[in-house]
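Report on one structure; see the data block that follows.
Every heavy atom of this structure was used, including side-chain atoms; hydrogens, water molecules and symmetry mates were not. One-based numbering, in listed order, for ligands and for the atoms of each.
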Amino acid sequence: MRQSSLPDLGIGLIGTGFMGRAHALAFQNARTTFDLPVNLKLHALADADAARAEHCARAWGFDHSHADWQQLISDPAVNLVAITTPNHLHCPMAMAALEAGKAVYCEKPLAVSLDQARAMHSAAVKAGVVTRVGYNYQHNPIIGLARNMIESGELGQIISFQGEFSEDFMGDPQSPWSWRCEQAHAGGALADLGSHLLAMARYLLGDIESVCADSQTVHAQRPAEGGSPQQRKIAVDDQTYALLRFANGARGTFGSSWLKHGYKNHLSFEIGGTRGTLSFDQERLNELRLYRAGAPGRDGFQQILAGPAQPGYAAFCPAPGHQLGYNELKTLEVRALIQALCGQTSEGPDFAEALEVERLATAIRVAAKEMRWVTVSEV
Ligand SMILES: NC(=O)c1ccc[n+]([C@@H]2O[C@H](COP(=O)([O-])OP(=O)(O)OC[C@H]3O[C@@H](n4cnc5c(N)ncnc54)[C@H](O)[C@@H]3O)[C@@H](O)[C@H]2O)c1
């Protein structure tokens with residue numbers, strides 16, 4: 001077998017759940033899909049469940065497994081630490097990795113409090129290493145096209161943003177408690193889904209200056225486990241809605257719910273400009289809908305399909321309309337991370353950007369609690 005002459009980049013991945021598998025797939029796919037300037041070496045995998053760590057390490061092609069994540073971080077062969085554990089563990093794991101001088105690829109939301117997010121950002125600045133956060137949806141090539149359309153003025157002046165991220169995985173009141181239902185471990189629908197939408201709104205339209213919001217816990221208790229008669233109290237939001245004022249003058253709405261039946265990955269937005277409207281729904285992630293004003297007799301939305309004209313798409317498939325999927329967005333995210341590590345780009349989203357997303361989420365929480373408009377720079 002041909003040996004790679006490229007320098008190794010040792011990957012240490014923590015967590016083997018939904019996102020642990022997605023990261024492992026993305027690292028493997030990135031090696032096949034792109035000509036990377038480094039050899040991605042799947043060096044170590046950690047999970048609190050030792051047997052699962054060992055099993056997944058073998059199945060996913062990692063050389064070592066650990067039950068103790070600190071051993072993974074202190075391994076000198078690990079250059080990049082990928083964190084895919086429940087939200088409250090992001091801070092201690094990232095801080096330890098930064099302290100050890102490792103690059104960090106952390107899942108969203110960055111942290112469970114603004115203080116944690118601030119500390120993580122400061123530690124990243126001090127360490128001077130690359131950080132990236134898993135707002136994978138913005139790596140969609142067709143979202144790149146949307147951003148270009150907005151920035152080039154194709155839609156005219158942007159005046160409105162209606163954004164929603166709804167799913168229904170907690171829609172059944174009998175859906176059991178999980179770490180996602182714990183304020184100290186997670187932060188509810190706003191943290192879980194809303195963080196993605198806030199990152200997307202900022203990616204497309206820039207800073208949001210002020211918010212006013214409402215938040216609700218609809219199901220105040222849930223079974224402790226599936227089918228269990230024992231109930232656990234729930235304090236996090238099931239749904240949060242907000243009004244947004246963007247720095248560019250646009251007005252907007254925000255919604256995040258994990259109760260909205262029928263929706264599985266409804267990260268969606270409609271952006272209104274003085275010359276047109278653009279709409280997107282992650283459940284149809286290979287399509288944009290564009291309405292151009294001023295074409296009498298040709299009224300109607302145009303459907304734009306994803307294809308190789310959009311940077312990133314052709315690496316997976318040379319033919320338009322053949323469609324990318326969720327895991328391909330994660331692979332594109334890994335490519336962007338590697339480019340950053342090799343000094344080829346400084347584009348985020350890094351811990352500095354994730355801190356701004358957390359500031360915005362905190363402003364929404366404060367606005368909902370105090371029932372008033374909140375200037376984001378207040379928090
Ligand atoms: N970017 C996205 O689209 C996306 C999607 C889903 C989840 N997430 C984020 O990914 C993170 C994980 O979510 P998930 O759905 O994969 O959760 P999960 O519950 O499926 O997996 C969590 C994993 O962390 C492991 N773990 C827990 N404590 C640990 C410890 N002390 N040491 C080592 N491992 C430990 C668990 O054993 C499990 O393997 C969360 O922050 C979540 O918000 C992001």
Check: Does any N or O in the side chain of E333 come within less than 3.5 Å of the main-chain N or O of L329, such that one atom is a donor and the other an acceptor?
Finding: no
Next item on the list: Indicate whether the side chain of E347 and that of T345 have a donor and an acceptor atom separated by less than 3.5 Å.
Entry: no
Extract all donor-acceptor atom pairs below 3.5 Å that involve side chains of residues 311-322 and protein atoms in other chains or at least two apart in sequence.
from: Y313; atom 1: OH; to: A319; atom 2: O; distance (Å): 2.7
from: Y313; atom 1: OH; to: H322; atom 2: N; distance (Å): 3.1
from: Y313; atom 1: OH; to: Q323; atom 2: N; distance (Å): 3.3
from: H322; atom 1: ND1; to: P320; atom 2: O; distance (Å): 3.0

Note to self: Could you check whether F351 and H121 have their ring centres less than 6.0 Å apart?
What the structure shows: no
Next item on the list: Give the protein residues with at least one non-hydrogen atom closer than 4.0 Å to an atom of ligand 1, ordered by chain and number.
Entry: I14, G15, T16, G17, F18, M19, D47, A48, W69, T84, T85, P86, N87, L89, H90, M93, E107, K108, P109, G134, N136, Y137, W179, R180, D192, H196, Y326, K330
Next item on the list: Classify the side-chain pair Q28/W60 by whether it contains a donor and acceptor separated by less than 3.5 Å.
Entry: no
Item checked: Aromatic centroids of F246 and F161 separated by under 6.0 Å -> yes
